[in-house]
Amino acid sequence: MSKDSRGEAEDAARTEGDLRETGMSLRHDREWDYELDRIVDAVEERDAETVGLQFPEGLKRRGPRVADDLRAELPDDVTVMISGQPCYGACDLDTYLMRRTDVFVHFGHSPMKESDKIIYVPLFSNVDVFPIMERALDEELAPADEDEDVGLVTTAQHMNKFDEMRSWLEERGYTVHTRKGDERLTHEGQVLGCNYASADVDADQMLYVGGGKFHPLGLAMEHPDKKVIIADPVNNAVSVADTEKFMKQRYGAVHRAMDAEEWGVIFCTKIGQGRWDQAQEIVENNDDAYLITMDEVTPDRLTNFGMDAYVNTGCPRITTDDGPQFKKPMLTPQEYRIAIGEEPLEALEFDTFHGTW
């Protein structure tokens with residue numbers, strides 16, 4: 001099968017609500033600052049013999065080149081290793097490699113948990129955000145003389161421009177509302193794929209500046225009273241977050257699970273992603289629920305268990321990104337309560353993480 005045919009087949013297999021391709025596609029050639037000088041200084045300070053590098057999925061192919069550049073700056077007796085484990089966030093650390101290296105570098109995310117062992121390199125974007133903000137103002141933002149209040153949020157990759165974004169809006173007459181969310185967030189105005197607490201501001205319209213639709217969709221789900229405007233400088237697109245397709249997919253999963261007799265309750269063993277109390281509570285209150293521990297939760301890994309439905313207490317994005325790909329319904333903890341009749345269907349909410357790990 002040709003590459004194009006495979007792509008067409010994969011597209012055809014995806015269902016409404018499938019969000020896997022909404023955040024990582026890059027249409028700009030980006031130049032990143034990998035902060036190699038800071039890494040070299042850390043190696044010298046710690047007299048390190050081993051260095052571990054971890055990259056998110058969309059940047060793994062750049063790992064060998066970064067390793068080459070780093071090895072050129074380090075003594076010959078320093079070993080550089082690259083993590084092959086999946087990585088989807090600052091909470092998704094390769095603890096095996098981290099324990100076996102003197103210096104561990106996590107690229108692409110801002111710190112979620114301060115640690116002397118970990119060097120976080122956020123890889124700020126070089127994409128100019130202001131042309132797309134101008135379009136958002138022209139096409140979707142209410143004029144300042146009609147509604148001067150606007151909330152502003154972005155992702156870690158654009159935090160280097162956040163103060164300029166705020167000033168840009170203020171210069172155009174807006175009162176910009178921002179806040180730092182809970183302890184899971186590093187910066188004021190930052191949102192994660194699992195946390196939108198920074199959007200809890202006194203404004204009816206929110207401007208999200210960043211790539212992809214997943215973050216603003218989650219924001220719109222958690223704050224349904226707000227109009228969430230997406231200014232995507234990566235794909236040069238302006239839109240408004242529409243939760244309808246996503247909600248249909250989630251309602252469908254809940255309905256399919258209502259007749260389930262045996263439940264698999266997933267506890268994710270990755271650092272920063274486990275919700276032990278929720279997993280334990282479900283199992284203690286349901287004799288037909290079984291606790292399954294996993295590091296990487298995938299459809300193939302669950303097939304052999306043969307359960308009627310599953311509850312994911314790990315990263316919310318497992319359910320939302322890959323939910324349509326699981327052969328049996330994969331629910332969030334709240335969706336599980338709806339499926340067994342403890343909560344009404346209309347109470348369905350977007351699953352998020354709050355607080356620290």
Side-chain angles (χ1 to χ4, degrees), residues 15 17 19 88-89 91-92 95 112-113 181-184 192-197 200 217-218 221-224 243 246-357:
T15 59
L19 305 176
Y88 300 101
C91 61
D92 198 356
T95 54
M112 186 174 292
K113 186 178 180 67
D182 59 31
E183 295 178 7
R184 202 171 177 85
L192 304 175
C194 62
N195 188 301
Y196 310 96
D200 188 15
L217 181 61
M221 288 281 294
E222 184 157 316
H223 299 276
T243 64
F246 177 80
M247 288 297 292
K248 286 181 179 178
Q249 186 259 311
R250 297 316 311 155
Y251 284 140
V254 173
H255 277 294
R256 293 195 303 276
M258 286 180 175
D259 295 327
E261 295 182 3
E262 289 189 328
W263 292 83
V265 182
I266 310 301
F267 174 75
C268 186
T269 58
K270 288 186 177 184
I271 186 171
Q273 295 189 8
R275 288 182 279 187
W276 176 253
D277 291 343
Q278 290 193 34
Q280 192 174 39
E281 180 181 2
I282 293 171
V283 173
E284 288 178 349
N285 291 290
N286 186 342
D287 291 338
D288 296 314
Y290 303 88
L291 187 62
I292 302 172
T293 63
M294 308 181 78
D295 59 348
E296 186 71 10
V297 185
T298 65
D300 289 344
R301 287 190 170 191
L302 293 184
T303 297
N304 290 336
F305 285 103
M307 302 287 182
D308 299 315
Y310 297 88
V311 188
N312 168 41
T313 66
C315 175
R317 295 197 64 168
I318 295 170
T319 309
T320 52
D321 285 29
D322 294 325
Q325 308 309 312
F326 289 95
K327 295 179 180 178
K328 296 296 177 69
M330 171 66 81
L331 306 187
T332 68
Q334 193 231 7
E335 289 172 349
Y336 165 77
R337 295 193 294 273
I338 293 173
I340 64 173
E342 289 185 355
E343 293 187 22
L345 185 61
E346 57 269 21
L348 193 149
E349 298 176 346
F350 197 80
D351 190 26
T352 57
F353 270 156
H354 289 280
T356 59
W357 41 24

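Values reported hereafter were calculated over all heavy atoms of this structure, with side chains retained and with hydrogens, waters and symmetry mates removed.
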Test item: [X] and [Y] side chains (from C-beta on) under 4.5 Å apart, heavy atoms:
{"X": "T243", "Y": "L217", "result": "yes"}
{"X": "I318", "Y": "Y88", "result": "no"}
{"X": "F326", "Y": "V297", "result": "yes"}

Nearest non-hydrogen partners of [X] and [Y], listed with the distance:
{"X": "P316", "Y": "R275", "result": "CG-NH2, 4.2 Å"}
{"X": "V311", "Y": "W263", "result": "CG2-CE3, 3.6 Å"}
{"X": "P329", "Y": "D308", "result": "CD-O, 3.4 Å"}
{"X": "R337", "Y": "E343", "result": "NE-OE2, 2.7 Å"}

Does atom CG (N285) have a neighbourhood of more than 12 heavy atoms from anything else shown, all under 6.0 Å?
yes
Trace of the ring pair (Phe, Tyr, Trp, His ring centres under 6.0 Å) decision for F350 with F246
CA-CA 10 Å; F350 197 80; F246 177 80; 5.6 Å; yes
Value for CE (M221) from CE (M247), rounded to nearest 0.5 Å, stands at 4.5 Å
To the nearest 0.5 Å, how far apart are CG in D92 and CG in D295?
9.5 Å
Partners of Q278 by side-chain hydrogen bond (donor to acceptor under 3.5 Å, both in side chains), sequence neighbours excluded?
none
Test log, rule salt bridge (charged side-chain N to carboxylate O under 4.0 Å, His left out), inputs D351 and R250:
CA-CA 11 Å; D351 190 26; R250 297 316 311 155; over 6 Å; no
List the steps, then state whether side-chain contact (heavy atoms from CB on, under 4.5 Å) holds for M294 with L302.
CA-CA 10 Å; M294 308 181 78; L302 293 184; 3.6 Å; yes
